[in-house]
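Since the structure comes first, as structure tokens, the remarks are kept for the end.
Order of the sequence lines sets the chain letters (A, B, ...), proteins ahead of strands, with each chain counted from 1.
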Number of protein chains: 2
Amino acid sequence: MVNKMVNNNLLDEMAKILKKSNKQTVKQKKIIEVAITLFAEKGYSNTATSEIAKMAGVAEGTIFKHYGTKENLLLSIMVPFIKDFFPTMADELIGELMNDKCTFEEFLRAFLTNRIAFISENREIFQVVIKEIIYKEELKNEILPYILEAASVRLVKVIEIFKQRGDIKDIPNDSILKMLGTVMSGFFISNFILLNKKSISEDAIEDIVFFILNGFGQSPQ
Amino acid sequence: MVNKMVNNNLLDEMAKILKKSNKQTVKQKKIIEVAITLFAEKGYSNTATSEIAKMAGVAEGTIFKHYGTKENLLLSIMVPFIKDFFPTMADELIGELMNDKCTFEEFLRAFLTNRIAFISENREIFQVVIKEIIYKEELKNEILPYILEAASVRLVKVIEIFKQRGDIKDIPNDSILKMLGTVMSGFFISNFILLNKKSISEDAIEDIVFFILNGFGQSPQ
DNA sequence: CTTAAAAGTGAGTGTTTAATCACTTACTTT
DNA sequence: AAAGTAAGTGATTAAACACTCACTTTTAAG
């Protein structure tokens, strides 16, 4: 209800800086492209700027001219993805689905399909984001609260509506959020990071939709 | 059924080496203890051997006298944990529980409680293991297959038995395994790595047991 | 007590690394 | 044509790093 104006310093400031320099040169694009690939594969700490420069066909100085520091190059990759993952697309989707009188099952399927598509299209960036959030404590502490807040705000609305419609059991919102978060983050991390899948089959989506809806115990209670 | 003798080179060789030097001096213990803390907090790549030495009150040379390389020090921490997590305790537990005629729910609760206790007691090592498996591709490719195999072999037996008893729906084993793996790895990673929890409340365990058994959809099918 | 092996030391080495800086080039604006 | 600006370069630098080695101290068995 209360729209806590969480002014996330790091994310907002980075977003501003990135807005300024909206015109990317060919070399800049190449640098980002190579950096994403190498960071995703070997991790930020195990990738040398000299390596990025060589593979991008660029002088090492060029990287620092544009991004100042190596850390800043990393943030230039992570921030736009994080800013995009929740707000933009998901809100449209949620709006669309809530107008129609769709069931929780239909919503869940559409939502998962949509988010999985987004991650598939940005697979390497997703890997970079998750790996670095997990790996660097400071980064985790700055970014994770934003993610949790952004996700909670959106999902609570949805859960409330489906509860009223009688599609979801009367469990505390907190428990449902925690479980949904656990299952979905587990699903994304397992498939896209541990198993390194390029895409998710429709069958696999059906499986997890079915699972979230019903679990697999024989007798419910 | 077929006991594939997966001879995991890295793990087995390391285990042998560790067996040899079974008597740890005070300084060795201190080195391992500090290394675990620092690797868990900042990651292997961001921790200098000089830092470990200083914090352990030891000369840098001492580290290399005992472990040869920094990489080897990391493995000396990871391998025993991995070797222990599945085989030893879990098998005893599974054996115990299968003799009694316990329900799937009881088994699930006991199993989760047991594994959560193990991870809580070795929280920092768990963080090191997961972080490094995720971060370094080569390590992932060498260790992950072993973990998947070890977990599958054990869980398939359990699933079969409870299916016969009618406690689990007649879904293909593969689907059940995938879901269980996703939910449980998600649960462990979310709580112990992302949220950095020191322990899990009994309520939280109840929640996930309930969730795995029933899901939270109102009408099953 | 003697002695040999094991544990421990810390200054030193060569390499890798992020970052700098004086400079050139190419393009745009007056 | 002159002036201004941003992109790009690559040689250079200082710090950090994993690792070595000649050496000392500790341990324990005969």
* Looking only at atom types and distance, does a side-chain atom of A:Glu41 sit under 3.5 Å from a main-chain N or O of B:Glu137, one as donor and one as acceptor? -> no

Rounded to the Å, how far apart are [X] [atom1] and [N] [atom2]?
X       : N      : atom1 : atom2 : answer
B:Phe64 : C:dA11 : CZ    : C1'   : 15 Å
B:Lys54 : D:dC17 : NZ    : C1'   : 14 Å
A:Leu73 : C:dA18 : CG    : P     : 11 Å
B:Gln24 : C:dA7  : CD    : C1'   : 14 Å
A:Ile52 : C:dT17 : CD1   : P     : 11 Å
A:Glu71 : C:dT17 : CD    : P     : 18 Å

Q | Chi angles and distances behind the side chain to side chain contact (heavy atoms under 4.5 Å, CB included) call for B:Gln28, B:Thr62 | A | CA-CA 9 Å; B:Gln28 275 181 68; B:Thr62 308; over 6 Å; no

Original post:
Would a 4.5 Å heavy-atom cut-off, applied to side chains only, mark A:Leu74 and A:Val128 as touching?
Top reply: yes

| Does B:Glu138 CD have over 12 foreign heavy atoms under 6.0 Å away? | yes

N/O contacts under 3.5 Å, protein versus nucleotides 6-11 of chain D?
from, atom 1, to, atom 2, distance (Å)
D:dG8, OP2, A:Thr25, OG1, 3.4
D:dG8, OP2, A:His66, NE2, 2.7
D:dG8, O6, A:Lys65, NZ, 2.9
D:dT9, OP1, A:Lys27, NZ, 3.0
D:dT9, OP2, A:Ala59, N, 2.9
D:dT9, OP2, A:Thr62, OG1, 2.6

Is the ring pair A:Phe107/A:Phe162 parallel, tilted or perpendicular, if the boundaries are 30 and 60 degrees?
tilted

Tell me whether the NZ or CZ atom of A:Arg123 lies within the 45° cone about the ring axis of A:Phe126 and under 6.0 Å from its centre.
no

- Task: Could you tell me whether A:Thr47 contacts a base, only the sugar-phosphate backbone, or nothing, with contacts defined as non-hydrogen atoms closer than 4.0 Å?
- Result: sugar-phosphate

